[in-house]
Each structure stands twice: as structure tokens, then as C-alpha cells.
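We're numbering straight along the sequence, starting at 1.
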Amino acid sequence: MVDIHSHILPGLDDGAKTLDESVAMCRLAEDDGITVIVATPHAHDGVHETHAASKLRQKVDELNETLGGRPHVQVGCELRLTHDIVKLVQSGETAPTIADGSYVLVEFPHALVPPGSDRALFDLMSCGYRPIIAHPERNLLLMSEPARFYELVEQGVLGQVDAGSLTGQFGKRVQKTARTMLESGLVHIIASDCHNTRSRVPGMSRAVAAAAEMIGDEYAGGMSKDNPLAVVQSQSIPFRPAPVLPRKRRNWLPF
């Protein structure tokens with residue numbers, strides 16, 4: 001499996017605190033069957049310090065040297081959506097793309113989808129980048145109205161569901177939203193979003209098994225192997241079902 005969302009670089013955000021913890025997290029990932037893991041520290045979220053891409057690459061190199069390439073770590077970041085997102089990504093100074101390719105892991109604020117998000121993401125795609133929205137199933141607005149995410153997927157945006165969302169770690173409401181998005185073809189990649197070796201551990205196999213019960217083994221495997229591998233190789237993802245509009249609920253809110 002390939003994990004495109006993790007907080008394994010030490011001392012950068014709310015993830016691993018030390019190199020020893022980073023190594024322990026990577027060993028857990030390897031034991032679970034993960035061969036490639038993308039380090040995606042928070043960037044430009046107004047909470048955690050945003051680090052220079054050169055520092056992130058230095059941390060990745062140090063971790064790879066310690067691990068001996070098992071699993072292999074790639075650079076990236078979890079970039080908060082702002083109206084300056086195109087400039088941030090194009091500069092490459094503080095917002096590295098996944099494995100320095102064409103995919104960008106983008107995070108919405110927890111409670112909402114900012115007005116104008118569709119335009120900002122369209123501009124990003126117009127410049128040749130391919131945005132992947134991190135854990136849309138955990139966004140409060142999209143939990144209330146998952147159909148809103150359908151519009152972005154129709155536009156060309158991809159969705160990444162957290163492993164813990166599928167297994168129920170974040171509660172039944174998040175789990176229900178994850179299932180709705182999965183069955184509606186609105187998410188395309190499963191990732192761990194791991195932060196530590198205790199409460200937010202590496203690993204995706206349990207989530208893949210849960211997804212297989214919902215959508216079948218082939219698609220679940222595609223979400224954990226073929227699609228994320230294509231992402232780190234900067235290629236088009238092979239498993240991309242036609243999205244289906246989920247049932248609308250009340251409290252329809254605009255972007």
C-alpha cells in the first residue's frame with residue numbers, strides 16, 4: 001500500500017515529536033503493508049509553523065537514511081486552502097507538492113468550505129496541478145451536506161478519506177459520511193493521516209477491509225494501492241468512478 005497523508009516528520013507540527021517516534025511510526029506502517037509513505041506536515045493553516053521546503057526535504061532524507069528505505073518516505077505537505085494557493089504552490093518554497101509532482105494535498109478549515117473554494121481549486125487545476133482534498137468526510141459543512149463535495153469532484157477535484165473515518169475512530173457521524181462519499185464515488189484514496197504511535201497510528205489495512213465491504217475488493221485495493229501509487233508517480237489515477245449526487249439534506253450552504 002501507499003500512504004499519501006502522514007505526519008511523521010519529527011518536531012514540525014502535531015505529529016511525531018522525535019526522530020525515534022518517526023521511526024517507530026514508519027515501522028508500524030511497514031508492518032501494516034505500506035511501502036511508500038508521504039510526509040505531509042501542516043502548512044499555512046494559521047495554527048502550526050510553516051516550514052521551508054528545504055527543511056522538509058532535509059528531514060525526509062534523514063528519515064530515509066535511518067529507515068534504510070523501508071518504507072520509502074516522500075516529501076509533501078497538507079496545505080490549507082487560501083486564495084493565494086496557486087502562488088504558494090508555484091513558488092515551491094513552503095508548499096511542496098506530493099513527491100514533488102503534480103498533486104497537491106489540500107485541507108479545508110474544519111467547520112466550513114471557504115467561499116470561492118471552487119474558483120481557487122479551478123485556478124490550481126488550470127495551472128496543471130491536481131488537488132486532493134484531505135478528509136472531506138470530517139469537514140462539518142460537508143458532513144451536513146455531502147452533496148456539496150459532489151460539485152468539486154465533478155470539477156475534477158479528488159478526495160482522500162482517512163483510515164480512521166472508515167473504521168469509526170472519529171465517531172459514527174464521520175463514519176456515515178465517509179461511507180456516503182465512498183459509495184457515491186466522491187473519494188478516491190485511503191490514507192492514514194497518522195500522527196503518533198498511540199491514538200492516531202499508522203496503518204490502512206483495517207480501513208481497506210472496511211471499504212471492501214462497502215464497494216468491493218477491487219475498488220478498495222485501487223484506493224490504497226493503484227491510485228496513491230499513481231499520485232506519487234504524478235500519473236492519472238486508474239480508479240475513478242463516475243460521481244453520484246448524494247441525497248440532499250437541509251441547511252444548504254454556499255461556498
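The minimum heavy-atom distance linking G168 with Q175 is given by the pair N-NE2, 3.5 Å. Heavy atoms only, all atoms of each residue included: M143 and P146 are closest at O-CD, 3.8 Å. Q155 and D118 make their closest contact through NE2-O, 2.9 Å (heavy atoms, listed as atom of the first residue, atom of the second, distance). In terms of heavy-atom proximity, T94 sits nearest to A43 at O-CB, 3.9 Å. T177 approaches L142 most closely through the heavy-atom pair CG2-O, 4.1 Å. Minimum interatomic distance between L56 and P96 (heavy atoms only, all atoms of both residues): CD1-CG, 3.8 Å.
Electrostatic pairing of D61 and R57 does not count as a salt bridge here, judged by no charged N lying under 4.0 Å from a carboxylate O. Using a cut-off of 4.0 Å between Lys/Arg side-chain N and Asp/Glu carboxylate O, E145 and R148 are scored as not salt-bridged. Between E21 and R198 there is a salt bridge, since at least one side-chain N of the basic residue sits less than 4.0 Å from a carboxylate O of the acidic one. Salt bridge absent: D14 and R200 never bring a charged side-chain N and a carboxylate O closer than 4.0 Å.
Legend: residues meeting ring pair (Phe, Tyr, Trp, His ring centres under 6.0 Å) with H195, ordered by chain and number and at least two apart, are H7. Applying the ring pair (Phe, Tyr, Trp, His ring centres under 6.0 Å) test to H72 and every residue at least two apart in sequence or in another chain returns nothing.
A 6.0 Å sphere centred on CZ of R70 holds no more than 12 heavy atoms belonging to other residues, nucleotides or ligands. The number of heavy atoms from other shown groups lying within 6.0 Å of CD (Q233) is above 12.
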Output, in order, the C-alpha distance, side-chain angles, deciding distance and verdict of side chain to side chain contact (heavy atoms under 4.5 Å, CB included) for Q90 and Y129. CA-CA 9 Å; Q90 285 182 329; Y129 298 101; 3.8 Å; yes
Give the intermediate values and the outcome of salt bridge (charged side-chain N to carboxylate O under 4.0 Å, His left out) for residues R138 and D193. CA-CA 12 Å; R138 294 174 54 200; D193 192 6; 3.2 Å; yes
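At a threshold of 4.5 Å between non-hydrogen side-chain atoms, the residues V36 and P71 do not count as touching. Counting heavy atoms from C-beta outward, E78 and H135 have side chains that approach closer than 4.5 Å. Contact annotation: the side chain of F149 approaches that of M181 to within less than 4.5 Å [non-hydrogen atoms, C-beta and beyond].
Proximity of a side-chain donor or acceptor of N227 to a complementary backbone N or O of F239 within less than 3.5 Å is detected.
Of the candidates V231, I190, L105, V106, L105 is the only one forming a side-chain contact (heavy atoms from CB on, under 4.5 Å) with Q160.
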